[in-house]
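Take a look at the structure set out below.
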Amino acid sequence: MLDIKVLRERPEAAKAGAVKKHMPDRVEAVDKALALDAELREMTPKLDAMRSEQKAGGKQIGKMSPEEREAFLQKQKQLKAQLQGLEEQERQLRSQLLEQLSLVPNIPDDEVPAGKDDAENEEVRRVGEVREFAFEPRPHYEIGEAQGWLDFSRAAEMSGSRNYILFGDLALLHDAVLRYAVELLVDRGFTPVDPPVLVRDAAMFGTGFFPGGEEQTYRCEKDGLNLIGTSEVPVTSLHSGEILGEKDLPKKYVARSACFRREAGTYGKDTRGLYRVHQFQKVEQVIVDVADKATSLDHHHSIVQNAEDMLQAFGLPYRVVNVCGGDLGAPQAMKYDIETWMPSRQSYGETHSASRFYDYQARRLNLRYRPEKGKPIFCHTLNNTVAASPRILIPLIENHQNADGTVTLPEALRRFFGGREVIGKPVF
RNA sequence: GGAGAGGUGCCAGAGUGGCUGAAUGGCCCGGUUUCGAAAACCGGUUAGUGCGCAAGUGCUACGGGGGUUCGAAUCCCCCCCUCUCCGCCA
């Protein structure tokens, strides 16, 4: 959520932000919020004065003679009736204001490129050589099924489309990657977290997924709980409502959790293989930071670097893109995606997503810290994927496949396999 | 799932209709004292928001939301959370 002061001072910037994000329906929320705000600001002093009068009157009443009191009570009752009406109005205005204000997207930074969708994301850098195969490389699902590592048909039978079952060495690889990711971040001073995967609406709202992301979310209506699509939700919400000490910041967390996404509206998109699935495991890095833009930028780059270091350790070619306005979510101010080379797609596919929010989430979460001197202020928040699996298994299998269908493990992962260098049997 | 207890400021903990934005103690900050320190003593110390150059001052908030009342931390209703006992269970 933006500070209402930002809307008052720079309404055009807020509207331009919504336009840049290709959210035309949210542009009007700016004007609506401002109108409600103006109405509230006009009525508040009047209300305050009335309440003040009523309170003062109430205090005198005990000292009055019975006759005086009778007349006075009549007056107070009138005042009260007026007040009740106005207070009801005030309540409505406040909740409407909150509703509109929470629809206003975060303002994208100037460095965010213009564009409609991911096709217009801007490449920042490319790292690693794309391998030239001496044979025709196979897609991961062909290798996986031939090896007995992957079963989509039984998964579909049990759980519907976009589900999968991992077996054997691929199940081990899945776990190895996640463990590697956690260990890497713990080494770098991040606190490991195993968070809830079921959360209340408040956490979804606070991190900016609601309103807007309801269709993407599995919901347990009976309990009013939502299955998280990323542990960003519970981990960023961890200190919601708190006032942290400045010396406790930044808080750096690395969480591993299951993630669930309905993938509504993606019928026919990425239907084969492990790319787009309803359930996956993800290791996520989250930083709760001081409210300083330079620090935010700095930490943003460092969490991108963490992910890059892992990809390099896995010997995977990738590129970093600066996500364009239209591909940015409402809460983000700027986002880098990392896309890893996937031979079966003949392209780089998104494997990581690193966002910075400034205080947009913190404001919704009421997440503050007390600076050395002065009033509490809203924190900045940041997050990035470290590893999302099984998606990351696609480049791992496909880039490191051999002609006979076996897969050579990158050095960094061999320790999880008792030193083995290759997984799978010759199947082709 | 059943029964009960409770949620007050940074922390502990009073407060059961007006004099309480909130006793008392602790933490922290400033000062007095001291060669210095500790102790002691004095003072300050919740957040949000409006007005004001400022000093200051109005309003709101005692888990959240409604209600009763001239007046609510205190009474009523709904929700959330914590704890105890019983039952069930990974």
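A, B, ... follow the sequence lines: proteins, then strands. Residue 1 opens every chain.
When the P atom is compared between B:U24 and B:G87, the two are found 47 Å apart, to the nearest whole Å. Nucleotides B:G63 and B:C10 are separated by 13 Å at their P atoms, to the nearest Å. For the C1' atoms, the distance from B:U84 to B:G71 is 37 Å, rounded to whole Å.
In this structure, the ring of A:Y336 has its center less than 6.0 angstrom from the ring center of A:H300.
No more than 12 heavy atoms of other residues, nucleotides or ligands sit less than 6.0 Å from atom CZ of A:R154.
For A:Q76, no side-chain nitrogen or oxygen approaches OP1 or OP2 of B:G71 to under 4.0 Å. The phosphate of B:U60 (OP1 or OP2) has no side-chain N or O of A:R94 nearer than 4.0 angstrom.
Take the nearest nucleotide of RNA chain B for A:K55 and for A:Q84: the residue whose nucleotide is more 5' is A:K55. In terms of position along RNA chain B, the nucleotide closest to A:R370 lies nearer the 5' end than the nucleotide closest to the other residue of the pair A:R91 and A:R370.
Each of B:G71, B:G58, B:G48 was ranked by its minimum atom distance to the side chain of A:D48; first place goes to B:G58. Among the nucleotides B:G48, B:C81, B:G50, the one closest to any side-chain atom of A:R8 is B:G50. Set against B:C70, B:C59, B:C81, the side chain of A:R51 has B:C59 as its closest nucleotide.
Shown for residues 32-41 of chain A: residues whose heavy atoms fall under 4.0 angstrom of RNA chain B, namely A:R41.
You'll find the side chain of A:L103 reaches within 4.5 Å of the side chain of A:Q100, heavy atoms only. Looking only at side-chain heavy atoms (C-beta outward), A:P211 and A:F205 come within less than 4.5 Å of each other.
Among the heavy atoms of the strands, none lies under 4.0 Å from A:T44.
Across A:V386, A:I287, A:V182, A:L184, a single residue satisfies side chain to side chain contact (heavy atoms under 4.5 Å, CB included) together with A:F190, and that is A:I287.
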